[in-house]
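Working notes, structure below.
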There are 2 protein chains.
Amino acid sequence: MTDIQQNGAARPLPRVATIFDVARVAGVSTKTVSRVLNNEARVADDTLARVRAAVADLDYRPNPNARSLAGRRSYLIGLFYDNPSRNYMADIMGGAIRRCQEKGYHLLTEPCEADDPNLPRMMVSVAARFRLDGLILTPPIVDRPDVLDAIAQANVPLVRIAPRTDPARTPHVHMDDEAAARLAAYHLADLGHTRLGMILGHPDHGAAELRRRGFMNAAAERGLTLSPDHVLPGDFSFARGFAAAEQLLALPNRPTAIFAGNDDMAAATVAAANKHGLQVPRDLSVIGFDDSPIAQVIWPPLTTIRQPTMAMAAAAVDLLIGDTDPEPVRQLGFELMVRQSTGPVGG
Amino acid sequence: MTDIQQNGAARPLPRVATIFDVARVAGVSTKTVSRVLNNEARVADDTLARVRAAVADLDYRPNPNARSLAGRRSYLIGLFYDNPSRNYMADIMGGAIRRCQEKGYHLLTEPCEADDPNLPRMMVSVAARFRLDGLILTPPIVDRPDVLDAIAQANVPLVRIAPRTDPARTPHVHMDDEAAARLAAYHLADLGHTRLGMILGHPDHGAAELRRRGFMNAAAERGLTLSPDHVLPGDFSFARGFAAAEQLLALPNRPTAIFAGNDDMAAATVAAANKHGLQVPRDLSVIGFDDSPIAQVIWPPLTTIRQPTMAMAAAAVDLLIGDTDPEPVRQLGFELMVRQSTGPVGG
DNA sequence: ACTTTATTAGACAACGTTGTCAGATGTCCC
DNA sequence: GGGACATCTGACAACGTTGTCTAATAAAGT
């Protein structure tokens, strides 16, 4: 135990090729190398080729610190978030990191408090100091007007994911929660269910209301109206969903199918059914929303609507980097994943 | 939709205070400010106070890029991982990021491929270029000898989380999986169970074998031996766990309690029991390992062993930064979380 | 042939810190 | 009182890029 290498002071890292080395090998000035690296126009074809060859030869990569110190860019994108759901954030971060890697960017992830009054100042300060090339915001901080104001005033590019207010204000990425929820209603109606129940999402989360509206409207189209006591509030948490489900299942005229505002609450509904001796889907159909990992880690696996979370994060990165389609709003598709938690009524 | 602010070229970020501003305000040289910022010795008390005041006054924070370009450090720690489990990585990242924030560091997270032959070169290259202050490795790449060699040769401080091979080789953080698994066996024995079953973890993961050994030995201490057909291989996945559980439950002399190598497989066991009309814990006790989020998002909630994942990541950061206890190995505690998936034999 | 203009390339100064090294000041001892 | 020493501070040169400005060359227009 005593001869374990200690992490200490002096540590001469291996020398890495610099822009000078490349310039020397290619027989040009450092500035020309820089031009090639940054795809600036006006470099003669053969110069370009020579520089490219030297870069490849030396396995040269520009030092990001020097780059962002000297230039205006950092090749760094900031992701600020307040931890609503682990799975959601894991997907967001995963999708963003992957795309960043592809594009030669890096992601700086900064947890924060959604109700911190200092948030605007803090974000601008980090952005300025790191010279962030852009910011990505996720719900719920995506809708704080003071944050949006500060970022706009500081001139930091911003892409919001799933904003609920003021959509025209910034570029953003979103999906059509309402249309997705309609799909859930059609699916249940097609299976012959007529007594539908719903457990709502967190009222502060914009998507919750959209999902409610889509589900109710689509049900109405099929001639089904939900009785008021079959629609219970929730907050996207398992515990609250479990309580709501128990309440629904105790009703004398209980629903034969329940649409939960997200997968956690759908899982809670399945669990509550199990607890009360009801078989899913024979006695009760359950449909969730998100297609989070939990959907496939319970039995029966959940029928749910796949929300393209990773793709949304990737699209947000694309919008920030701006080397693709300049359309500042991107709407992504969803998909109904039919698994085994739904079935014909009485089935 | 046309007047949405586009992310474009020129964007004058707000001016932030530099070390020169602080020096001017405090009436000292920039070098002295630097000394104060880096806690170097030999600064007179009143100078120190003046500089500190100026820093606070201007809300000055050193520019990280300039800092790591000029100095030897980056205040950046690299976390390389190959995505084994979402929940596990979310905990690792969360724990590491939080501690980094506290210490004024940042975390660079880099997904990679565990079997990429280029991994060593790639890691050293990133470390050198970013002047990373250290590297954190998680299973399974934590055990690749070529990676360890390359990092050692490049002189990059390294802390491993839960290494299985060569523990004396580097500082590391771990927990005593064997002792933890013993706890599971004692718990079941105390409840009166005599027919115990186990679903093993992935054979490539060092912890799997430790958990098996601990469980079996502790059971033996209590006079219980597991019949060979009550110990089934698994791989930490829900699907594989589900199949194994179904196989165990179909046995004529099925176990009354099952210890699964992790929570996903424990959840699968509960699910399989539900599917076959068995009530947990009345007809079957199930105990998991990890205390991952899924433990509380099924019903009944899982009795499981809490693995201090976030704390391990935080400890890894501490070891790298090295401003605390210099002991290069840190073993963290675990805890038996008794919930509702275990109960006395026969209900 | 001679300017004008586009194209390509280089010299050199930023960028905001820390490292090195030397200078200034104060303290102690003989 | 003067040297040796410890303590504190500052000037200045890195660090590795990009921005700005200017020079050299080639192409085009008169």
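Chain identifiers are assigned alphabetically (A, B, ...) following the order of the sequence lines, protein sequences preceding nucleic acid strands; residue numbering begins at 1 within each chain.
Axis orientation changes by 40° from one end of the helix from C:dA1-D:dT30 to C:dC30-D:dG1 to the other, with each end axis drawn from 5 pairs and the value rounded to 10°.
Contacts of A:Y105 classified as ring pair (Phe, Tyr, Trp, His ring centres under 6.0 Å), with partners at least two apart in sequence or in another chain: A:Y75. Checked against side-chain contact (heavy atoms from CB on, under 4.5 Å), B:E110 has the following partners two or more places apart in sequence or in another chain: A:Q101, A:H106, B:F80, B:L108. Under the side-chain contact (heavy atoms from CB on, under 4.5 Å) criterion, A:T109 pairs with A:L79, A:Y81, A:M93, A:L107, B:I97, sequence neighbours left out. Partners of B:A90 according to the side-chain contact (heavy atoms from CB on, under 4.5 Å) rule, which considers only residues two or more places apart in sequence or in another chain, are A:R86.
Counting heavy atoms of neighbouring residues, nucleotides and ligands inside a 6.0 Å radius, atom CD of B:E113 does not exceed 12 of them.
Heavy-atom contacts of chain B under 4.0 Å fall on DNA chain D between two terminal nucleotides, which in 5' to 3' order are D:dT7 to D:dG16.
Screening residues 137-152 of chain B for salt bridge (Lys or Arg N to Asp or Glu O under 4.0 Å) gives B:D143-B:R160, B:D143-B:R164, B:R144-B:D146, B:D149-B:R169 as the qualifying pairs, with residues at least two apart or on separate chains. Sorted by first and then second residue, the salt bridge (Lys or Arg N to Asp or Glu O under 4.0 Å) pairs with a member in residues 30-45 of chain A form an empty list; sequence neighbours excluded.
Looking at B:V142 and B:I161, their side chains never come closer than 4.5 Å, going by heavy atoms from C-beta outward. Counting only heavy atoms from C-beta outward, the side chains of A:D133 and A:L320 never approach each other to under 4.5 Å.
Distance, B:N38 CG to C:dG19 C1': 11 Å, rounded to whole Å. Atom CZ in A:F20 sits about 13 Å away from atom C1' in C:dG10, given to the nearest Å. Residue B:R42 contributes atom CZ, which lies 15 Å from atom C1' of C:dC21 at whole-angstrom precision.
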Can you give the donor-acceptor pairs under 3.5 Å from side chains of residues 52-63 of chain A to other protein atoms, not counting sequence neighbours?
residue: A:N63; atom: OD1; partner: A:N65; partner atom: N; Å: 2.7
residue: A:N63; atom: OD1; partner: A:A66; partner atom: N; Å: 3.0

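Using modelled atom types, no side-chain atom of B:R131 and backbone atom of B:S74 make a donor-acceptor pair closer than 3.5 Å. Counting only distance, with no hydrogens or angles, the side chain of A:D21 and the backbone of A:T18 share a donor-acceptor pair below 3.5 Å.
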Check against side-chain contact (heavy atoms from CB on, under 4.5 Å), B:L76 and B:S68: CA-CA 9 Å; B:L76 211 52; B:S68 71; over 6 Å; no
Using the rule given for side-chain contact (heavy atoms from CB on, under 4.5 Å), can you reason through A:N38 versus A:S34, listing the C-alpha separation, both sets of side-chain angles and the distance that settles it, and then say yes or no? CA-CA 6 Å; A:N38 294 284; A:S34 169; 3.5 Å; yes
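Within 4.0 Å of B:Y75, counting heavy atoms only, lies no atom of the nucleic acid at all.
Within residues 64-71 of chain A, the residues that place at least one heavy atom under 4.0 Å from DNA chain C are, in residue-number order, A:L69, A:A70. The stretch residues 47-56 of chain B has no heavy atom under 4.0 angstrom from DNA chain C at all. Residues of residues 22-36 of chain B having a heavy atom closer than 4.0 Å to DNA chain D, listed by number: B:V28, B:S29, B:K31, B:T32, B:R35.
Side-chain atoms of A:S125 and A:R129 form a donor-acceptor pair, as typed in the model, at a separation below 3.5 Å.
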